There are 2 protein chains.
Amino acid sequence: MPKGDKPTSFDIAYMAGVSQATVSRALRNSPLVSKETRIKVQSVARQLNYKVDKNAANLRSQQTRTLALLLFEDPTSDDSLINPFFLAMLGNITRAAARNGYDLLVSFQQLSEDWHGEYEVSSRADGMILLGYGDYVSYAEKLAHLAEANAHFIIWGPMVEDQPGHSLGCDNVQGCYDASRHLLDLGHRRIAFIGGASEHCPEFLLRYQGYSKALTEAGTPVDKELQVDADNQEISGYQAAQQLLEDGREFSAVVCASDLMAIGAIKAFKENGKQVPGDVAVVGFDDIPAASYMNPPLTTVHQDTNLAGKLLVENLIKLIEGEAVESSLLAPSLVIRESCASET
Amino acid sequence: MPKGDKPTSFDIAYMAGVSQATVSRALRNSPLVSKETRIKVQSVARQLNYKVDKNAANLRSQQTRTLALLLFEDPTSDDSLINPFFLAMLGNITRAAARNGYDLLVSFQQLSEDWHGEYEVSSRADGMILLGYGDYVSYAEKLAHLAEANAHFIIWGPMVEDQPGHSLGCDNVQGCYDASRHLLDLGHRRIAFIGGASEHCPEFLLRYQGYSKALTEAGTPVDKELQVDADNQEISGYQAAQQLLEDGREFSAVVCASDLMAIGAIKAFKENGKQVPGDVAVVGFDDIPAASYMNPPLTTVHQDTNLAGKLLVENLIKLIEGEAVESSLLAPSLVIRESCASET
DNA sequence: GATAAGCGTGCAAACGTTTGGCCTTTTGCC
DNA sequence: GGCAAAAGGCCAAACGTTTGCACGCTTATC
């Protein structure tokens, strides 16, 4: 082995006085080699600071022990900022992957991009996790391609009808139902909803359904006038709240389809001299880190990103290993802080 | 090509009526193949949905076009929460890597871990980025090993004496100097400092230096009584503030070595009936997302994570390509919000 | 004292690329 | 028309593993 070059298994073999094949087996603790040999080989390997070449190993064994995380960014969002909720997910997924002995390849995708992008990644990983506020409708075709190519993938998001592949999501309906229920229990009757009610984003649509359901059950009419579309950004929440205010619509509470929008909305209310929670109660969804630091601390629907990351990774690995996996929904929990007061 | 199997370059070659070598060249737009052939090959490849096998390609060309991000977690920190500042860095690094055509492998490391961990990753990437609140002293040995093995790596953090490798960091001294200066300009004279002043974390030490420098320049004595150690967590900031309060030390302002600690400190002050900024002014460091949402919005030292991510990636790539790189420092900027008022 | 069984190793063939070198055409030039 | 040069393509050798198979050497069995 010339000095400076990376040692190969042949170098180890030579130094340990065995064949290269034996080195390979010994290093992976194969029961086919004697304990003695194994110890000998491993000690030489350590001494030479030898590391298996992953490319060669993966090529030969046709697997990568790598998971890919495809993060679909909101195309409208500011380039420099990532949705904090996904950031939290990312962190937890990374951890879960590591705990399961997998590497994690992270890649940002623009929804608008050439669908080949996903395949590209797929050749470098055994499976992939798709993360994004699921405008899955617009890339259903891509998913179909993936499924067709026998790719292993799991989607973070709601279970959408006819959607190929497996998914894991949060029970959005239940979450927003609980949040709305909370507002109703506080005596509110005129409750607005900020967040898209189009099929463009199934998450928000489902959250809207939870809201509707709660109101309906309580015998409160769902007033279309009190629902305003917005996408998942602070500025959108701000604008939506402005609109509500400008139109002079009457309401004492708002449920926002995400914390980011809630933050924007609260800002708008404050700027217009409305007290939160005094004049208007606000609930959010996601429980991003900022939610607890805000003024007032935001009452919101908590999603367990730790559990989600763990399950996403574990289910994907099952998929890779050929085991059956059920798509499922995680239960959210309402965390009550200070952004909601009783209707007076 | 049996149905269901992934097509190889041989399949493309066969269908396009050329040799496999030509396929390889055509797909990479080599000038060695005619335009005609190239188009033909590429169209067949697209048609068969062919994707180059990265493992094979990397093995042969001995490079991976992959960067590894090693995130060193504070061993004391809560398992479920990642330091928001690093999360922001992570996002920006991912983006920068993608823009430069590199994949990003993300890996969490425990400081306490076997140092082999790093090597392990290194065989899967062309270079690596080390990210963490730099207790580099404690793994200087690992860094030396890396350097010795001719690994390409760049460290996020201050330039520490004798530290092998390249680094990129924020000018911590300047940042805290500016923050302290701001407080002094507002008339404060009894200014406390929360954050470790030990060499355990060079970042905090440098920030403390900036603080000392500002006070000294202003002719204000640096009172050791007003400095309290804390590590980078909300709870530590909380405890440090408590301690300051309990001991009955007199102060009208606090500079915190990180936003997380500032958040904790503010919480402690509020709980003890102190108004921020009325009774005590607080500045932080990092400008994490939550800083602007807090009550009051936190005046803090902003680090440009977007630029940092970009530079980290670009410098690392230069290193990989054998170009010279200078370790350097990024200029922080003070962002003034509402957590500091004039001393009355 | 053969024969069978087991255990530990070595041999060599993949895995799917990239790439240096060689061979055939074409093309340009006198 | 002959020759050199350039263009375009093919051959085959890597890259460093994993793994099926064959081979020897012990040890147990009849």
Side-chain angles (χ1 to χ4, degrees), chain A residues 1-2 4-42 44-45 48-66 103 119-120 122-126, chain B residues 1-2 4-42 44-45 48-66 103 119-120 122-126:
Chain A
M1 182 187 64
D5 274 16
K6 247 180 28 183
T8 73
S9 51
F10 283 95
D11 299 315
I12 312 297
Y14 178 76
M15 295 209 59
V18 297
S19 76
Q20 180 270 338
T22 300
V23 170
S24 170
R25 287 195 257 259
L27 291 177
R28 282 170 313 123
N29 295 317
S30 160
L32 289 153
V33 313
S34 68
K35 191 176 174 187
E36 228 176 297
T37 313
R38 181 173 58 225
I39 291 176
K40 168 89 188 183
V41 168
Q42 291 185 345
V44 173
L48 292 194
N49 200 7
Y50 167 79
K51 276 291 153 191
V52 172
D53 182 308
K54 280 287 165 185
N55 287 318
N58 291 341
L59 170 59
R60 172 58 226 230
S61 58
Q62 293 296 79
Q63 54 151 22
T64 65
R65 279 246 140 202
T66 297
D103 280 333
Y119 287 96
E120 213 149 81
S122 80
S123 83
R124 293 169 235 185
D126 296 337
Chain B
M1 182 188 66
D5 273 17
K6 245 181 27 183
T8 73
S9 51
F10 283 95
D11 299 316
I12 311 296
Y14 178 76
M15 294 209 59
V18 297
S19 77
Q20 180 269 338
T22 300
V23 169
S24 170
R25 295 200 165 94
L27 291 177
R28 283 172 309 125
N29 296 316
S30 158
L32 269 57
V33 313
S34 68
K35 192 176 173 189
E36 231 176 298
T37 313
R38 180 172 58 225
I39 291 178
K40 169 87 189 186
V41 168
Q42 292 186 344
V44 172
L48 291 194
N49 202 6
Y50 167 79
K51 276 290 155 191
V52 171
D53 182 306
K54 280 288 166 186
N55 286 319
N58 291 342
L59 170 60
R60 171 59 226 228
S61 58
Q62 292 295 80
Q63 54 152 21
T64 65
R65 281 246 139 203
T66 297
D103 280 334
Y119 286 96
E120 213 148 84
S122 82
S123 83
R124 290 168 237 186
D126 296 336

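Only a predicted model underlies this, so the values are computations on that prediction, with no experimental measurement involved.
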Test side chain to side chain contact (heavy atoms under 4.5 Å, CB included) applied to A:I12 and A:L48, step by step: CA-CA 8 Å; A:I12 312 297; A:L48 292 194; 3.8 Å; yes
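- If you measure from atom CG of B:N29 to atom C1' of C:dT18, you get 15 Å, rounded to the nearest angstrom.
- Listed pair B:R28 / C:dT17 fails the phosphate criterion, with no side-chain N or O lying under 4.0 Å from OP1 or OP2.
- Between B:I39 atom CD1 and D:dG8 atom C1' the separation is 15 Å, expressed in whole Å.
- The nearest whole Å value for the distance from the CG atom in B:L59 to the C1' atom in C:dC15 is 9 Å.
- The interatomic distance linking A:D53 (CG) with C:dT17 (P) rounds to 17 Å, in whole Å.
- To the nearest 0.5 Å, atom CG of residue A:N58 and atom OG1 of residue A:T66 are 6.5 Å apart.
- The side-chain heavy atoms of A:M15 and A:V23, taken from C-beta on, include no pair separated by under 4.5 Å.
- With hydrogens and angles ignored, no donor-acceptor pair closer than 3.5 Å exists between the side chain of B:R60 and the base of C:dT17.
- Side-chain nitrogen and oxygen atoms of A:T37 include at least one within less than 4.0 Å of the OP1 or OP2 phosphate oxygen of C:dT9.
- The CD-C1' distance, from B:Q63 to C:dT18, rounds to 11 Å in whole Å.
- For A:S9 and D:dG16, the shortest distance from a side-chain N or O to OP1 or OP2 is not below 4.0 Å.
- Contact annotation: the side chain of A:S34 approaches that of A:E36 to within less than 4.5 Å [non-hydrogen atoms, C-beta and beyond].
- Distance from the side chain of A:S24 is smallest for D:dT19 among the nucleotides D:dT19, C:dT9, C:dG16.
- To the nearest angstrom, P of D:dT18 lies 10 Å from CZ of A:R25.
- Heavy atoms of A:A21 sit under 4.0 angstrom from at least one base atom.
- Considering CG of A:L32 and CZ of A:R38, their distance stands at 11.0 Å, rounded to 0.5 Å.
- As rounded to whole Å, 13 Å separates atom C1' of C:dG8 from atom CZ of A:R38.
- Not one side-chain nitrogen or oxygen of A:S61 sits closer than 4.0 Å to the OP1 or OP2 atom of C:dC15.
- Atom CD of A:Q20 and atom P of D:dT17 are 7 Å apart (whole Å).
- If you find the closest nucleotide of DNA chain D to B:Q62 and to B:T22, the one lying nearer the 5' end belongs to B:T22.
- The 5' end of DNA chain C is approached more closely, in terms of each residue's nearest nucleotide, by B:A57 than by the other of B:A57 and B:L32.
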